[in-house]
Asker: 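Below you'll find the structure I mean.
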Amino acid sequence: MGGMTATSRPSPAATPSGDAARRAGKRVLLAAPRGYCAGVDRAVIAVEKALEQYGAPIYVRHEIVHNKYVVKTLENKGAIFVDRTAEVPEGSIVMFSAHGVAPVVHEEAAERRLATIDATCPLVTKVHKEAVRFASEDYDILLIGHDGHEEVIGTSGEAPDHITLVDGPEDVANVEVRDESKVVWLSQTTLSVDETMETVDALKEKFPQLIAPPSDDICYATQNRQIAVKQMGADADLVIVVGSKNSSNSVRLVEVALGAGASASHLVDAADEIDEAWLDGVSTVGVTSGASVPEVLVEGVLEWLSQRGFEDVEIVKAAEESITFSLPKELRRDLRAEAAALSEK
Ligand code: SF4
């Protein structure tokens, strides 16, 4: 846990109302950590390295991460995003996104003779392995997550006969299990921590012998970004969350900001989606970004705010992050082989 430290952005060129605005106490609270997590960083670098190593096109099944800007940037470099494995021409290279895929997708890829690179976040893979293990022990697995989310589809596919999706506390009444003494809950990695615990409490009430996953399924990045927003929420009149609408962890940040006491909170892909009217009567703006958001988009929002008198920026620091993940093994193998071939020349 940390506190607030003051930093200052360079003053915008001759903002007429700049000094008056500062006197009026306008400030920005900037969440830390925010933006890219280790799994997203790895997935994006994996696409870039694959394009360098094998040349375009590299097919990517689903958005590599849920961010429009990232997807567009990689498309411009030669990545082709597809919804289904069947859209990838036989014999091509396909990468699986950070959200993970069900085993059946690996089988489909093998049938089409595709070379695969699996960029599933290791923290999602951890949940897949938990699902496989509990299914092999014949548990009923209650997977807390959002219906239709790619990660949930992938995890459910590991043990479809054992997994029941629970989409929030209101879903608990519908849940049925085969044996109440053998039930475990798992979860999507990018949920609201508080709402998930509400769901778990409701499940425990219904199934007192329910057991918990061996370690947190909601990942460190999701948790840290929520803690930072909670710390700033009560002090902010408005919290701007940078992230795409289909980014689960970004959408959760808006909910957490409102729950923490922010008067308003909005999700924007970039500065050009901010509505000037949101600033009416606002003196403190909180800013954060989801785990799939590159920092350049946050910088654009800070610049936009700075031009409207919000030049003073205080960092609200909730945690230090130093986690990194190595590239997908298929890519590491080929990069190593090429490095070895070059050194022999
Ligand atoms: S949000 Fe968490 S689970 Fe998802 S890619 Fe990032 S680190 Fe992995």
Side-chain angles (χ1 to χ4, degrees), residues 31-49 60-71 74 81 95-102 117-131 143-146 148-158 185-196 213-229 241-256 267 288-295 297-298 318-329 331:
R34 62 183 176 279
Y36 271 17
C37 60
V40 164
D41 195 40
R42 166 188 192 254
V44 173
I45 293 173
V47 179
E48 290 171 345
K49 289 268 181 216
V60 183
R61 191 176 180 282
H62 290 152
E63 293 188 347
I64 185 77
V65 298
H66 285 153
N67 185 268
K68 270 195 210 169
Y69 176 92
V70 172
V71 166
L74 293 173
F81 293 87
M95 191 174 300
F96 298 138
S97 78
H99 312 99
V101 294
I117 302 171
D118 190 354
T120 303
C121 176
L123 299 181
V124 174
T125 302
K126 181 194 80 125
V127 183
H128 281 222
K129 286 185 177 159
E130 286 168 354
L143 177 63
I144 303 173
H146 295 303
H149 189 279
E150 282 152 30
E151 183 187 320
V152 161
I153 294 169
T155 307
S156 300
E158 292 285 0
W185 69 270
L186 301 179
S187 88
Q188 190 180 329
T189 57
T190 50
L191 300 181
S192 148
V193 175
D194 294 340
E195 192 190 278
T196 301
S215 60
D216 283 351
D217 285 343
I218 299 180
C219 77
Y220 78 97
T222 300
Q223 296 197 30
N224 287 344
R225 281 149 191 70
Q226 289 177 16
I227 292 168
V229 167
V241 178
V242 187
S244 290
K245 310 268 178 298
N246 60 346
S247 161
S248 173
N249 78 88
S250 303
V251 174
R252 300 291 82 78
L253 289 175
V254 172
E255 296 166 0
V256 171
L267 184 66
T288 188
S289 56
S292 46
V293 177
E295 188 62 7
L297 299 177
V298 176
E320 292 282 352
E321 289 182 350
S322 55
I323 293 178
T324 56
F325 295 131
S326 52
L327 287 171
K329 62 179 186 308
L331 198 50

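Remember, it's 1-based here, ligands and their atoms both numbered in the order they're listed.
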Asker: Charged N to carboxylate O below 4.0 Å: is that the case for Glu158 and Lys129?
Answerer: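 Here Glu158 does not pair with Lys129 in a salt bridge, since their nearest N and O are not under 4.0 Å apart.
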
Asker: Considering non-hydrogen atoms of the protein only, which is the closest contact for atom 8 (Fe) of ligand 1, and what is the distance?
Answerer: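 Atom 8 (Fe) of ligand 1 sits closest to the protein heavy atom Cys121 SG, 2.3 Å.
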
Asker: Go through it in stages, so that I can follow the logic: the residues are Glu63 and Glu150, the test is side-chain contact (heavy atoms from CB on, under 4.5 Å), and I'd like the CA-CA distance, side-chain angles, deciding distance and then a yes or no.
Answerer: CA-CA 10 Å; Glu63 293 188 347; Glu150 282 152 30; 5.6 Å; no

Asker: I need the minimum non-hydrogen distance between Leu143 and Ser156, along with the two atoms involved.
Answerer: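 Between these two residues, the closest heavy atoms are CD2-OG, 3.6 Å.
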
Asker: Answer yes or no for Cys37: is there an N/O/S atom below the 2.8 Å cut-off from atom 8 (Fe) of ligand 1?
Answerer: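 Short answer: no, not a single N, O or S atom is under the cut-off.
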
Asker: Between Asn224, Asp41, Thr189, Asp217, flag the one that comes closest to atom 3 (S) of ligand 1 by a heavy atom.
Answerer: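 Shortest heavy-atom distance from atom 3 (S) of ligand 1: Thr189.
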
Asker: For atom 2 (Fe) of ligand 1, grab the closest protein heavy atom and report residue, atom and distance to one decimal in Å.
Answerer: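 The protein heavy atom lying closest is Cys219 SG, 2.3 Å.
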
Asker: State plainly whether the residues Glu321 and Arg225 are in salt-bridge range, i.e. N to O under 4.0 Å.
Answerer: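 Yes, Glu321 and Arg225 are salt-bridged.
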
